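First comes the structure, then the notes that go with it.
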Amino acid sequence: MVSTSPNTRYTISAAQKRTGLTGRQIRYYESQGLLTPERTQGNQRRFSDSDILQLLRIKELMEKNLDIQTVKQLLLENPESESGDRSGPSAFPRTGENIQDVLGHRLSSLYPVSNRVELLSLLDSIVVKKAQE
DNA sequence: TTTCTAACA
DNA sequence: TGTTAGGA
C-alpha cells in the first residue's frame, strides 16, 4: 500500500509551527501572490504540504535579504509541484518529528535535488548581481 | 478559542 | 512587520 501520500491540510497556526514564520508573514506573502492556500467555508486558510514547502522556500529566499518581489519572481520562474499529485513521496521525509528536526538544520534537503541545484544556482546569480549593482 | 480583514503605529 | 479592533 502506498498510503503515505501527504494530503494533509494545515491551519495557519500549524503552518506557523512548521515554517517558523508568523501568521502575519504568511498572510502577507499570500497577499503578494506568492501562494494561494485553499479556503474553508468560513474563509479560513487550509495549507497543503505544497503550501508548506512553498512557504519554506519563501522563507529561505527572504533570509537571503531579497525583497518580496524578487522572491516572487524566483518562485514564478521555478514552478514546483502544486499539481495536487505527487509521484515520488520518497523524496520527502514524512515523519513529523523528523521533518521538524530537518527544518532546524538544513531544509534545503527537502527539495528535490534537481530543483535544489537550480534554485541555488539562481540564487547565486541574483545575489552576485545585486552585489555588483 | 482560533482565524479573518482592515488599518494604524 | 507588529499589533489591535471587531466579527464570524
Side-chain angles (χ1 to χ4, degrees):
Chain A
M1 77 195 129
V2 248
S3 62
T4 351
S5 289
N7 290 313
T8 322
R9 287 297 132 85
Y10 309 92
T11 59
I12 194 166
S13 60
Q16 292 184 65
K17 293 174 185 173
R18 302 183 78 87
T19 65
L21 293 168
T22 65
R24 182 74 168 86
Q25 293 175 300
I26 295 173
R27 294 188 185 103
Y28 176 61
Y29 298 152
E30 183 191 346
S31 75
Q32 297 306 297
L34 275 63
L35 53 355
T36 38
E38 299 173 357
R39 294 287 186 140
T40 63
Q41 294 190 341
N43 196 42
Q44 298 199 341
R45 278 164 266 248
R46 282 294 117 86
F47 302 84
S48 66
D49 278 300
S50 296
D51 292 325
I52 299 300
L53 239 29
Q54 179 79 335
L55 285 170
L56 254 20
R57 302 216 292 164
I58 295 171
K59 183 184 179 186
E60 284 297 275
L61 262 25
M62 291 303 280
E63 289 176 344
K64 298 288 183 182
N65 293 308
L66 301 177
D67 58 273
I68 192 75
Q69 286 307 316
T70 302
V71 171
K72 184 178 181 180
Q73 279 304 108
L74 279 173
L75 295 177
L76 289 178
E77 291 167 21
N78 286 295
E80 145 124 22
S81 64
E82 219 63 50
S83 305
D85 194 306
R86 232 170 319 297
S87 46
S90 53
F92 304 90
R94 20 188 192 51
T95 302
E97 307 176 319
N98 186 32
I99 201 174
Q100 301 267 19
D101 188 57
V102 174
L103 295 187
H105 297 284
R106 255 291 173 278
L107 67 176
S108 307
S109 60
L110 284 172
Y111 305 140
V113 177
S114 59
N115 269 295
R116 185 168 62 217
V117 173
E118 204 176 330
L119 182 60
L120 289 177
S121 135
L122 257 158
L123 268 176
D124 198 49
S125 62
I126 285 188
V127 172
V128 171
K129 181 180 174 185
K130 293 182 80 72
Q132 300 178 319
E133 296 175 343

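To find a chain, count down the sequence lines: A is the first, B the second, and so on, and within it residues start at 1. Nothing here was measured: the structure is a model prediction, and the numbers come from that model.
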> In the 5'-to-3' direction, what one-character label does each nucleotide of nucleotides 3-9 of chain B receive under the scheme B = base within less than 4.0 Å of a protein heavy atom, S = sugar-phosphate only, - = no such atom?
Replying inline: SSB-B--

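Here the closest heavy-atom approach between residue A:Val71 and residue A:Met62 is recorded as CG2-SD, 3.4 Å. The heavy-atom pair separating A:Leu56 from A:Arg18 by the smallest distance is CD1-O, 3.9 Å. In this structure, A:Ala15 and A:Thr19 approach most closely via the heavy-atom pair O-OG1, 2.8 Å. The shortest heavy-atom contact between A:Asn7 and A:Asp49 is N-OD2, 4.3 Å. Of all heavy-atom pairs between A:Phe47 and A:Ile52, the closest is CB-CD1, 4.1 Å. Pairing each heavy atom of A:Arg46 with each of A:Thr40, the nearest pair is NH1-CG2, 3.0 Å.
The side chain to side chain contact (heavy atoms under 4.5 Å, CB included) search around A:Gln41 returns none, not counting sequence neighbours.
Scanning DNA chain C 5' to 3' for nucleotides with an atom closer than 4.0 angstrom to a non-hydrogen atom of chain A gives a first and last hit of C:dT1 to C:dT3.
Where DNA chain C pairs in unbroken runs of 3 or more (Watson-Crick or G-U, both distances under 3.5 Å), the stems are B:4-9 with C:1-6.
Atom OG of residue A:Ser13 and atom NZ of residue A:Lys17 lie 5.5 Å apart, to the nearest 0.5 angstrom.
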Distance-only donor-acceptor hits, side chain of residues 26-33 of chain A, under 3.5 Å, sequence neighbours excluded:
from, atom 1, to, atom 2, distance (Å)
A:Glu30, OE1, A:Arg45, NH1, 2.5
A:Glu30, OE2, A:Arg39, NH2, 3.2
A:Ser31, OG, A:Tyr28, O, 2.6

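Side-chain contact between A:Arg57 and A:Glu60 is absent, with no heavy atoms from C-beta onward closer than 4.5 Å.
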